[in-house]
Asks: 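Structure below; questions to follow.
Given the structure is predicted, the values throughout are model-derived calculations rather than measurements.
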Amino acid sequence: MRYPLVHKNVKGFMHGGDYNPDQWLHMPEIIEEDYRLMKLANTNTFSLNIFGWSAIERTEGEFHFGWLDEIMDRLAEEGSHVILATPSGARPAWMSQKYPEVLRVEKNRVRNLHGLRHNHCFTSPVYREKVRIMNEKLAERYAHHPALIMWHISNEYGGECHCDLCQDAFRTWLKKKYDNDLEQLNQAWWTGFWSHRFNDWSQIESPAPHGESMVHGQNLDWRRFVSDQTIDFFKEEIVPLRKADASIPVTTNFMGNYPHMRPFLGIEYNKFASVMDVVTWDAYPPWHIEGQTTTKLASDVGFVHDLYRSLKDGQPFLIMENTPSLVNWHDINKRKEDGVHALSAVQSVAHGADSILYFQWRQGRGASEKFHGAVVDHSGSEHTRVFQEVSKLGAELDKIQPIAGTSIKPEVAVIFDWENQWAIDDAQALNNVNKKYSEQCQAHYHSFWKQGIPTDIITMDKDFSTYKVLVGPMLYMIRPGVAERIEAFVKAGGTFIATYWSGIVDENDLCFLGGFPGPLKNLLGVWAEEIDSLYPNHDIVLKTDSQTYQVTDYCERIHAVDADVLARFESGGYDQRPAVTVNQVGNGKAYYIASSNEQRFYDDFYQELAKECTLNRVLNTEIPEGVSVQKRTDGQTDYVFVMNFTDQAQTLQLPQEENYTNMLTDESVHNTLKMDPYQYMILKK
């Protein structure tokens, strides 16, 4: 399975990152030194102009492209590629001063002052016009430049605006969705609650801390509107670029699914991905957290990689940003231990990345990111640990060029859905601090990751028919048609796994009547009577014929109507209640897991399921704890990545009948792999 590379001029992997020469125009000797260091670092691709608006348009209507011309031309001479950004992520001060409507209004209805970034209204006609003018000039000047390989649209879209323009746009969006029928909206939002019924569209406002925030259908539609409005802004941004040369791909950088990135989860990335050419994301996981192993973190990062690979059905994605050392905004900014940067980069490639790009190339001298990690630090020297690691990695990426463009088609998919996350987070039920939806999805995923079974991460709107196994943790919201497609998947021979807190509400966040799990009830053959949120020191366990497992967080009281019982609860008032069930439907099976459990349960459950469903593993051998095995393929040649995420040496036995070549050393590999801490091998078969 091979996809075209990003651009005809790109050969192999992109390696480089965010370059901000506009911050150094007063020190040209620094810029000249950068070109020397870029070659030593084995880099070939740089993102320019991400926040360059004030360097180009210093006052309204006066444009200065000379500095950018020089950088673009020189990078072309040096043989480097350029990902050129539209600078709409932050606007210059003159614009905020003259046109205050471009500044966002917060939930409390107070307009922001100039500053920060992403502090702009996506609805503002003035801002859209200013962005259009800027993008037209960039397109006219650089669309056919030999260095250009991609347009980087804005930067890390996120946030929301509550100004009057956005209120009007929200009402227009609602009229379209509800066919201009206010009564239809009242029913969908259940506005009889607390006497919130509307009798005029003008009465509807966005959620506010000092106003309405308890109508969950309204909250959900507001989030959908914000997401759609952001995507609409993106679509308008790319019009001048497409007009100049439609062959140049466009992208923007998505954010990781981590707790500290919650504000960026307000955009429905699956829908966003459909209007861009290449998916990219900024990977900033905290690799060393006290109390958490690097192994579990590696699995969670693998989950996000697979999520972004899945957005365009297996097309390779790009790492637009990562740090070669540390960030400056975690609570504790721990550097990557020796070897961990290269290991994390190779993991990205193993899961489908065709680039390793950094924020940032060179550390700035001032402001909030001056201590954020970079390839070149304030010493300006190539004789640093970080620079040498980056240089070595660049040389290795050059050796594995044939892997670029390859992918994989997994037999397993885990459903992770943005709208489902929004609805779960908003529900006043269970644990109101963190209901652990993402964590539950990652727990199921982790069991496949440990076995070396490739896995897609998809929304509930994706096609299920190509998979053998479909896992839907906490499928709280069931949108129209989803239950029917899951049932068709099972009847055709597929295996579906559902969990507690599934089939609770429809697309408007209205509870299903007639019992849970709602439209999945007949398929699963169970009735969920009630769910319990557990304190940390409860005593409920789940027991199979041979094993006992600790229950965590949540436990449901269910009735096995048509399903067979595979495991039961013990103690805590749940003695002998069904805990795990299976229902044969057509040629397939539907499982239900009625509690959140320790990881060991999922590992054992999916190990048996993998055998039953004859799932293909990357290597048919026992994989040591903490070692990840992933694969990319072009359909003829397999590229196998073996990665040791532990601080201990590991040994892995290769299948006896298989011979491989180590792509980094050209040595033949068979029988036994011995790996040092944080070591990786890239094998070709």
Side-chain angles (χ1 to χ4, degrees), residues 15-41 43 45-59 64-75 78 80 82-85 87-96 113-119 152 154-156 253 282 284 320-336 341 356-391 394:
H15 187 225
D18 271 28
Y19 183 37
N20 301 298
D22 48 300
Q23 297 179 16
W24 299 94
L25 296 179
H26 61 298
M27 299 177 70
E29 68 279 8
I30 294 291
I31 297 175
E32 187 61 34
E33 174 68 355
D34 281 332
Y35 300 124
R36 182 185 75 86
L37 294 172
M38 287 170 179
K39 289 202 176 295
L40 291 177
T43 51
T45 303
F46 296 91
S47 305
L48 295 178
N49 197 45
I50 292 176
F51 296 111
W53 198 322
S54 62
I56 292 175
E57 192 178 7
R58 298 170 191 171
T59 58
H64 303 267
F65 288 103
W67 67 273
L68 188 53
D69 291 344
E70 291 180 10
I71 301 296
M72 292 283 291
D73 292 346
R74 182 64 182 271
L75 286 173
E78 298 290 335
S80 292
V82 171
I83 300 173
L84 188 59
S88 62
R91 86 267 94 237
W94 60 258
M95 188 186 301
S96 300
L113 301 176
H114 174 78
L116 301 176
R117 55 178 179 158
H118 300 295
N119 178 15
H152 183 314
S154 194
N155 182 70
E156 297 177 347
N253 42 344
D282 296 349
Y284 292 116
M320 186 61 75
E321 294 182 21
N322 80 119
T323 177
S325 53
L326 48 72
V327 299
N328 69 333
W329 43 267
H330 287 161
D331 291 341
I332 297 175
N333 295 294
K334 178 80 172 69
R335 74 174 180 90
K336 292 178 178 176
H341 167 59
I356 300 296
L357 303 173
Y358 307 109
F359 182 84
Q360 48 194 328
W361 165 253
R362 178 186 284 274
Q363 285 183 315
R365 292 190 68 189
S368 67
E369 291 178 328
K370 62 180 177 291
F371 295 122
H372 191 290
V375 179
V376 182
D377 66 15
H378 294 124
S379 74
S381 170
E382 68 268 35
H383 304 296
T384 64
R385 178 188 71 91
V386 171
F387 190 98
Q388 293 302 315
E389 282 199 20
V390 167
S391 179

Asks: Heavy-atom count check: over 12 atoms from other residues, nucleotides or ligands less than 6.0 Å from Arg36 CZ?
Replies: yes
Asks: Show your working on side-chain contact (heavy atoms from CB on, under 4.5 Å) between Val390 and His15 and close with a plain yes or no.
Replies: CA-CA 9 Å; Val390 167; His15 187 225; 3.7 Å; yes
Asks: Would you say the side-chain atoms of Asp377 pair up with the backbone N or O of Gly373, donor to acceptor, closer than 3.5 Å?
Replies: no
Asks: Within this structure, what is the CZ-NE2 distance for the pair Arg385 and His341, rounded to the nearest 0.5 Å?
Replies: 10.0 Å
Asks: Any non-hydrogen side-chain atom of Arg365 less than 4.5 Å from a side-chain atom of Trp24?
Replies: yes
Asks: What are the two closest heavy atoms between Phe371 and Leu326, and how far apart are they?
Replies: O-CD1, 3.5 Å
Asks: Give, for atom CZ of Phe359 and atom CG of Asn322, the distance between the pair rounded to the nearest 0.5 Å.
Replies: 12.0 Å
Asks: Report the distance from atom OG of Ser96 to atom CG of Asn119, rounding to the nearest 0.5 Å.
Replies: 7.0 Å
Asks: Quick one: pull up NE2 in His330 and CG in Asn328 and give me the separation to the nearest 0.5 Å.
Replies: 9.5 Å
Asks: Treating Thr43 as the side-chain partner and Met38 as the backbone partner, does any N or O pair qualify as donor plus acceptor under 3.5 Å?
Replies: yes
Asks: Write down the atom of Gly89, the atom of Phe51, and the distance for their closest heavy-atom approach.
Replies: C-CE2, 4.0 Å
Asks: Picking from Leu37, Asp18, Ile31, what satisfies side-chain contact (heavy atoms from CB on, under 4.5 Å) with Arg362?
Replies: Leu37
Asks: Indicate the atoms forming the closest heavy-atom contact of Val375 with Pro324, along with that distance.
Replies: N-CG, 3.9 Å
Asks: Which atom names give the shortest non-hydrogen contact between Ser154 and His118, and what distance separates them?
Replies: OG-CE1, 4.4 Å
Asks: Give the minimum heavy-atom separation between His383 and Ser381, together with the two atoms involved.
Replies: N-OG, 2.8 Å
Asks: Does Ile71 reach the side chain of Leu48, with side-chain heavy atoms less than 4.5 Å apart?
Replies: yes
Asks: Counting C-beta onward and ignoring hydrogens, is there a side-chain heavy-atom pair between Gln360 and Gln363 closer than 4.5 Å?
Replies: yes
Asks: What's the spacing between Phe65 CZ and Asn49 CG if we round to 0.5 Å?
Replies: 8.0 Å
Asks: Would the distance check show the side chain of His372 and the main-chain N or O of Thr323 forming a donor-acceptor pair, the cut-off being under 3.5 Å?
Replies: no
Asks: Any sub-3.5 Å donor-acceptor pair from Trp361's side-chain atoms to Asp34's backbone N or O?
Replies: no
Asks: Verify side-chain contact (heavy atoms from CB on, under 4.5 Å) between Glu321 and Asn155, making sure each step is shown before the conclusion.
Replies: CA-CA 11 Å; Glu321 294 182 21; Asn155 182 70; 3.6 Å; yes
Asks: Can a salt bridge be assigned to the pair Arg74 and Glu32 using a cut-off of 4.0 Å between side-chain N and carboxylate O?
Replies: yes
Asks: Measure the spacing between NE2 of His152 and CG of Asn253 and express it to the nearest 0.5 Å.
Replies: 4.0 Å
Asks: Go through Glu57 and Arg91 one step at a time and tell me if the salt bridge (charged side-chain N to carboxylate O under 4.0 Å, His left out) criterion holds.
Replies: CA-CA 10 Å; Glu57 192 178 7; Arg91 86 267 94 237; over 6 Å; no
Asks: So which atom in Gly16 and which in Phe46 form the shortest heavy-atom distance, rounded to 0.1 Å?
Replies: CA-CE2, 4.3 Å
Asks: May I have the step-by-step check of side-chain contact (heavy atoms from CB on, under 4.5 Å) for His64 and Ile56, ending in yes or no?
Replies: CA-CA 5 Å; His64 303 267; Ile56 292 175; 5.9 Å; no
Asks: Would you confirm whether Ser391, through its side chain, and Leu40, through its main-chain N or O, come within 3.5 Å as a donor-acceptor pair?
Replies: yes
Asks: Show your working on salt bridge (charged side-chain N to carboxylate O under 4.0 Å, His left out) between Arg117 and Glu156 and close with a plain yes or no.
Replies: CA-CA 10 Å; Arg117 55 178 179 158; Glu156 297 177 347; 3.3 Å; yes
